[in-house]
Amino acid sequence: MRQMAHAMMAVPDHDEWARDSFITSFKSHISVTVTPGNKVAMERRVLPAFRKEKGRDPASRGELRKAMEKDSYHQSWGSLMRVAQEQMWDSIEGSVSRQLPDLIKTAKAMKGGRSTLRLAEGITLPRYLSEIDNHCMPGSYGAEVCDDDVRAGAIYDRGAFAYHLGARGAAHDANGRVLAAFLKGTYPKLQPKRILDMGCSVGHMTTGLANYFPDSEIHAIDIGPAMLRYAHARATALGVAIHFAQQSAEKTDYPDGHYDLIVSSNLFHETSRTAAPAILQECHRLLRKGGVVAHMEVPVRYADMALYNQVMRGWQTYYNGEPFWDAVCATDMDALARKAGFADARSGYVKRSADPVNDPRTFADAPSEGNDYRWILTGTR
């Protein structure tokens with residue numbers, strides 16, 4: 001599937017497109033053909049060697065991970081995964097850098113539409129974003145390389161689509177569609193006047209939600225200025241009304257009880273153990289009485305998974321620039337939300353839905369792998 005084009009996208013030239021196509025095929029080959037061999041390696045070599053040495057099976061995710069890391073096949077797979085990730089970002093960054101002056105001009109011209117942008121003076125990036133290139137993306141979410149920069153957003157827009165191999169749709173808005181289906185199925189009477197998307201990045205999910213809540217006033221926050229400039233210009237190019245603001249999800253300047261619905265997509269695994277409780281407490285402050293919170297995360301809850309699946313998912317933590325992946329998957333997020341004030345907090349898996357309007361979704365049984373599911377934490381004020 002080709003990504004949906006819009007006025008803000010950095011369009012690859014012939015050679016860049018060829019390189020991107022190779023990388024996408026390479027990543028697909030690793031996922032479909034190479035990755036399953038890890039389970040074979042575990043069953044044929046890793047577990048027998050562990051049992052011979054210890055006289056038992058691995059008792060924890062950490063024990064199995066360390067045993068797997070000694071296996072040459074798992075090592076080779078990990079190297080391929082990391083190389084493919086770096087190649088993906090390198091290819092996209094080169095294409096964006098070539099077009100950056102024109103992208104900045106286009107973004108600056110995107111004024112007068114229904115979307116708005118509010119940037120903050122002197123805001124400091126939290127350490128969990130400033131000291132690491134999250135998922136190996138050069139500069140992560142917060143870097144600025146020039147005045148009026150949009151580089152981070154332009155890189156992330158194409159990179160997120162490539163990383164998921166187009167599985168989230170041409171507009172990369174599947175999370176918005178799934179969340180809309182969940183909200184319709186679980187809270188059928190919900191008619192939010194104001195919606196807040198926390199950690200919106202370039203607004204992939206935000207614009208998706210906007211299509212299903214056309215009468216709502218939609219706000220979206222992120223910490224990265226270049227990300228937000230791009231998000232605002234992208235939304236304007238798509239004709240969507242979203243009010244973007246540069247703020248930390250841990251502490252915003254919005255008044256108490258300002259929102260009827262607060263959402264996020266893949267926010268918590270990009271934060272930290274100390275940030276997560278603060279974000280949930282801020283959600284409780286911002287939500288009106290009777291309002292709904294719905295946070296979507298990576299389709300993993302380790303308590304529902306075999307050790308092998310935990311190790312394979314947790315590889316991101318140690319080798320792919322996702323230091324908080326293990327933490328969020330191993331944390332009892334329901335308990336954390338209840339501690340923040342959401343007495344009815346609960347979480348579960350929601351199967352993908354291509355038609356949120358006619359195909360509402362509620363929590364489903366825990367999947368063994370999670371690729372066709374999303375995990376959602378929800379509660380009411």
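From a predicted model like this one, the values you see are computed outputs, not experimental measurements.
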Is there a chain of hydrophobic side chains (I, L, V, M, F, W, Y, each step under 4.5 Å between heavy atoms) that links [X] to [Y]?
{"X": "V34", "Y": "V311", "value": "yes"}
{"X": "M227", "Y": "I123", "value": "yes"}
{"X": "I132", "Y": "W315", "value": "no"}
{"X": "M312", "Y": "V46", "value": "yes"}
{"X": "Y373", "Y": "L165", "value": "no"}

Minimal non-hydrogen separation, [X] against [Y], with atom names:
{"X": "K27", "Y": "A84", "answer": "CG-CB, 3.7 Å"}
{"X": "R338", "Y": "A345", "answer": "NH1-O, 3.2 Å"}
{"X": "A154", "Y": "L103", "answer": "CB-CD1, 4.0 Å"}
{"X": "V150", "Y": "A107", "answer": "CG1-CB, 3.9 Å"}
{"X": "G203", "Y": "A231", "answer": "N-CB, 4.4 Å"}
{"X": "F50", "Y": "D57", "answer": "CE2-C, 3.5 Å"}

Has [X] got a side-chain atom pairing as donor or acceptor with [Y]'s backbone, closer than 3.5 angstrom?
{"X": "Y308", "Y": "M42", "answer": "no"}
{"X": "N38", "Y": "T35", "answer": "yes"}
{"X": "Q316", "Y": "W325", "answer": "no"}
{"X": "S28", "Y": "T24", "answer": "no"}
{"X": "R285", "Y": "Y254", "answer": "yes"}
{"X": "E217", "Y": "I195", "answer": "no"}
{"X": "E297", "Y": "L267", "answer": "yes"}
{"X": "Q75", "Y": "E69", "answer": "yes"}
{"X": "S97", "Y": "G94", "answer": "no"}
{"X": "D149", "Y": "A226", "answer": "no"}

Just wondering, more than 12 heavy atoms not from [X] lying within 6.0 Å of its [atom1]?
{"X": "D13", "atom1": "CG", "value": "yes"}
{"X": "R56", "atom1": "CZ", "value": "yes"}
{"X": "R288", "atom1": "CZ", "value": "yes"}
{"X": "R273", "atom1": "CZ", "value": "no"}
{"X": "R44", "atom1": "CZ", "value": "no"}

Under a 4.5 Å cut-off applied to non-hydrogen side-chain atoms, are [X] and [Y] in contact?
{"X": "T362", "Y": "F182", "value": "no"}
{"X": "R301", "Y": "S347", "value": "yes"}
{"X": "R168", "Y": "D173", "value": "no"}
{"X": "D197", "Y": "I218", "value": "no"}
{"X": "F22", "Y": "Q87", "value": "yes"}
{"X": "L307", "Y": "S60", "value": "no"}
{"X": "I376", "Y": "H295", "value": "no"}
{"X": "D253", "Y": "R118", "value": "yes"}

Between [atom1] of [X] and [atom2] of [Y], what distance do you get to the nearest 0.5 Å?
{"X": "S201", "Y": "Y230", "atom1": "OG", "atom2": "OH", "value": "10.5 Å"}
{"X": "S115", "Y": "I242", "atom1": "OG", "atom2": "CD1", "value": "5.5 Å"}
{"X": "M205", "Y": "L209", "atom1": "CE", "atom2": "CG", "value": "5.0 Å"}
{"X": "R374", "Y": "R177", "atom1": "CZ", "atom2": "CZ", "value": "10.0 Å"}
{"X": "L119", "Y": "Q247", "atom1": "CG", "atom2": "CD", "value": "11.0 Å"}

Worked verdict on H14 versus W17 for ring pair (Phe, Tyr, Trp, His ring centres under 6.0 Å): CA-CA 5 Å; H14 176 276; W17 175 255; 9.9 Å; no
Test log, rule side-chain contact (heavy atoms from CB on, under 4.5 Å), inputs L179 and L183: CA-CA 6 Å; L179 193 57; L183 291 168; 4.2 Å; yes
Audit row: D71, R45, salt bridge (charged side-chain N to carboxylate O under 4.0 Å, His left out) steps and yes/no: CA-CA 8 Å; D71 186 80; R45 295 188 298 274; 2.8 Å; yes
Are side-chain N/O atoms of [X] and [Y] paired as donor and acceptor at under 3.5 Å?
{"X": "S91", "Y": "E16", "value": "no"}
{"X": "D157", "Y": "H172", "value": "no"}
{"X": "N320", "Y": "R82", "value": "no"}
{"X": "D133", "Y": "S140", "value": "no"}
{"X": "Q99", "Y": "S95", "value": "yes"}
{"X": "T378", "Y": "Y187", "value": "yes"}
{"X": "Y302", "Y": "D326", "value": "yes"}

Steps toward side-chain contact (heavy atoms from CB on, under 4.5 Å) verdict (L47, L64): CA-CA 8 Å; L47 288 181; L64 181 57; 4.2 Å; yes
Residues L80, H29; criterion side-chain contact (heavy atoms from CB on, under 4.5 Å); working and verdict: CA-CA 10 Å; L80 291 174; H29 171 72; over 6 Å; no
Give a yes or no on whether a salt bridge exists between [X] and [Y], defined as a side-chain N under 4.0 angstrom from a carboxylate O.
{"X": "D20", "Y": "R158", "answer": "yes"}
{"X": "R346", "Y": "D344", "answer": "no"}
{"X": "R151", "Y": "E144", "answer": "no"}

Steps toward side-chain contact (heavy atoms from CB on, under 4.5 Å) verdict (C283, M198): CA-CA 9 Å; C283 289; M198 289 182 154; 3.6 Å; yes
Pair F161 + H204: ring centers closer than 6.0 Å: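 Not close enough - the centres of the two rings lie 6.0 Å or further apart.
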Aromatic ring proximity, centroids under 6.0 angstrom, Y349 and F363: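 No, the ring of F363 stays outside the 6.0 Å limit from the ring of Y349, centre to centre.
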Parallel, tilted or perpendicular: rings of H219 and H243 (30°, 60°):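 Answer is tilted, since the angle falls between 30° and 60°.
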Of Y319, W89, Y163, F324, the residue whose pairing with H135 passes ring-ring contact (aromatic ring centres under 6.0 Å, His included):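 By the ring-ring contact (aromatic ring centres under 6.0 Å, His included) criterion, H135 pairs with just one of Y319, W89, Y163, F324: W89.
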